[in-house]
There are 2 protein chains.
Amino acid sequence: MVKYIHHMTDLTVVLDRVLLLSTLVQADLARFERDEGLTTSRVHLLWVLGQAGPSTQQALAVALDVTPRNVTGLVDGLVTSGHVTREPHPADRRATLVTPTEKGRRAIADLVRSHEDLAQRLFDEVPRERLAVFAEVLEETAARFARLMEEAR
Amino acid sequence: MVKYIHHMTDLTVVLDRVLLLSTLVQADLARFERDEGLTTSRVHLLWVLGQAGPSTQQALAVALDVTPRNVTGLVDGLVTSGHVTREPHPADRRATLVTPTEKGRRAIADLVRSHEDLAQRLFDEVPRERLAVFAEVLEETAARFARLMEEAR
DNA sequence: TATTGTTATACTCTATAACTATA
DNA sequence: TATAGTTATAGAGTATAACAATA
C-alpha cells in the first residue's frame, strides 16, 4: 500500500512539473503581450490568422472555441488597435474576412519569432537523445489523453 | 543554413507539444470546474487554501499574484457559493481568515483526487525509464528558464 | 429555413485609486 | 505612518438570446 501511494505521488510530481513549465511559458507570453499592447485572447486570434490567413468570424469562433459574439468583440478591439480590418467576403455578403494589416502582420511575425526564440532558449541545451525521448513521451501522452477524453464524452 | 532551420523547427515542435499537452490538461480542469460550478480563479484560490490552510486575503493576493481588491471579489463569490467563510483573525482585527467550509473542503479533496487521477491517466502507461528522462528534462528546462527570466528582469 | 454577424444584457476577472478601520 | 480590506470605477473576456441581412 505504501508502494502504491509512492507511485501515485511520483506521477503527480511529473504532472506538477508539466504545469510549472506551462506556467513559465505563459509568463513569457504575457511579457510579449505587454510589449505589444495586446491581450492573450487577441494574440490567440492573431496567431490563428497567421496560420489560416484571412478568415470569417465564424471560422475564428470555431478555431478559438468561443461564441461568434465573442469574436465580434475581439475583432472590434483589434480593429481599434489597427491590427486587422474587416474586408467584405468576395462570395458571401453576410460574411466578413478578418484580415491582418501591416501592423498585424508585423505582430504575427514577432509572435512567431518569439515562439521560436523561446523554443531555443528552453531546449537548445538539452542533449539530443534526451530531447528525443522527451518529445516522444509528450506526443504519446497527448495522444493517449485525447483518446481518453474522447471516450469519456 | 538549411540544417539550422531544421534545428529551429525541431525545437519549436517540442514546444508546440508542451503547449498542446498543457491545453489538454487545462481542458480537464475546465471539466472539473463545470462539474463543481466553479471558475478557474476560484479553484486556484481553493487550491492555495488547501495547501496553506486558512489564510488572510493579503496572503492570498500574494500567492495568486493578483490585487487585494481582486481577492475580495473571488472570496465574495466563494462565500456566496458556500465554499468558504470569512473568520475573524485571532490577533489582528483588520484581517480576516478565509476558511474552507465543509463543502469547500470536499471540493478541495475532489480537486486533489482529480489531479492525481489525471496524473495516473497521463503517465501510468509510460515505461518508468522513459518517464524518468521526461521528468528530468522537465525539471532542468524549468530551472534553466526560470534563471533566464530572472536575468532578463 | 439556415447561416453570419450584431445588439442587448449579464457575469466574471482584472486593475487603479481613494477610503475606513486597525496596527 | 503603514497595513488589511472595501467602495468606486473601468476595461476585457465570456455567455445566451433576439434580431437583421443574406444565402
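Below, chains carry the letters A, B, ... as their sequence lines are ordered, and counting in each starts from 1. All values derive from a computational prediction rather than experimental measurement.
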Is there any protein nitrogen or oxygen under 3.5 Å from a nitrogen or oxygen in nucleotides 18-23 of chain D, and what are the pairs?
residue, atom, partner, partner atom, Å
D:dA23, OP1, A:R93, N, 2.9

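- In this structure, B:L45 atom CG and C:dT12 atom P are separated by 15 Å, rounded to whole Å.
- Residue B:T72 is in base contact, counting any heavy-atom pair closer than 4.0 Å across all strands shown.
- Spacing between atom CG of B:L78 and atom P of C:dC11 amounts to 17 Å, rounded to whole angstrom units.
- The pair A:D35-A:R31 meets the salt-bridge criterion, with a side-chain N (NZ, NE, NH1 or NH2) lying under 4.0 Å from an Asp/Glu carboxylate O.
- With rounding to whole Å, A:N70 atom CG is found 18 Å from C:dA10 atom P.
- The phosphate of C:dT4 has neither OP1 nor OP2 within less than 4.0 Å of any side-chain N or O from A:T96.
- For the pair B:L60/B:V66, no side-chain contact is recorded, criterion being any heavy-atom separation below 4.5 Å from C-beta on.
- Side-chain N/O atoms of A:R86 include one lying less than 4.0 angstrom from OP1 or OP2 on C:dT6.
- Phosphate contact (OP1/OP2 of C:dA15, side-chain N/O of B:T67, threshold under 4.0 Å): present.
- A:T39 has a side-chain polar atom (N or O) that falls below the 4.0 Å cut-off from OP1 or OP2 of D:dG13.
- Nearest to the side chain of B:S41, among C:dC13, D:dA12, C:dT6, sits C:dC13.
- Separating the NE2 atom of A:H89 from the P atom of C:dT3 is a distance of 16 Å, rounded to the nearest angstrom.
- Remark: P of C:dA23 and CD of B:Q58 are 16 Å apart, rounded to the nearest angstrom.
- Salt bridge status for B:D117 with B:R113: absent, with no side-chain N to carboxylate O gap under 4.0 Å.
- For the pair B:D76 CG and D:dA4 C1', the interatomic distance rounds to 15 Å; values are reported in whole Å.
- Between A:R106 and A:E102, at least one side-chain nitrogen of the basic residue sits less than 4.0 Å from a carboxylate oxygen of the acidic one, meeting the salt-bridge criterion.
- Side-chain N/O atoms of B:Q57 include one lying less than 4.0 angstrom from OP1 or OP2 on D:dT6.
- Regarding A:L38, its CG atom lies at a distance of 15 Å from the C1' atom of D:dG11, rounded to whole Å.
- No side-chain heavy atom of A:L122 sits under 4.5 Å from any side-chain heavy atom of B:L11.
- Taking the nucleotide of DNA chain C with the nearest heavy atom to each of B:R69 and B:L74, the more 5' of the two is matched to B:L74.
- A salt bridge links A:D28 to A:R121: at least one charged side-chain nitrogen sits closer than 4.0 Å to a carboxylate oxygen.
- Computed from coordinates, the A:L64 CG to C:dG5 P distance equals 13 Å when rounded to whole Å.
- Nearest heavy-atom pair, B:E87 versus B:T85, reported as atom, atom and distance to 0.1 Å: OE2-OG1, 2.8 Å.
- An OP1 or OP2 oxygen of C:dC13 is reached within less than 4.0 angstrom by no side-chain nitrogen or oxygen of B:T40.
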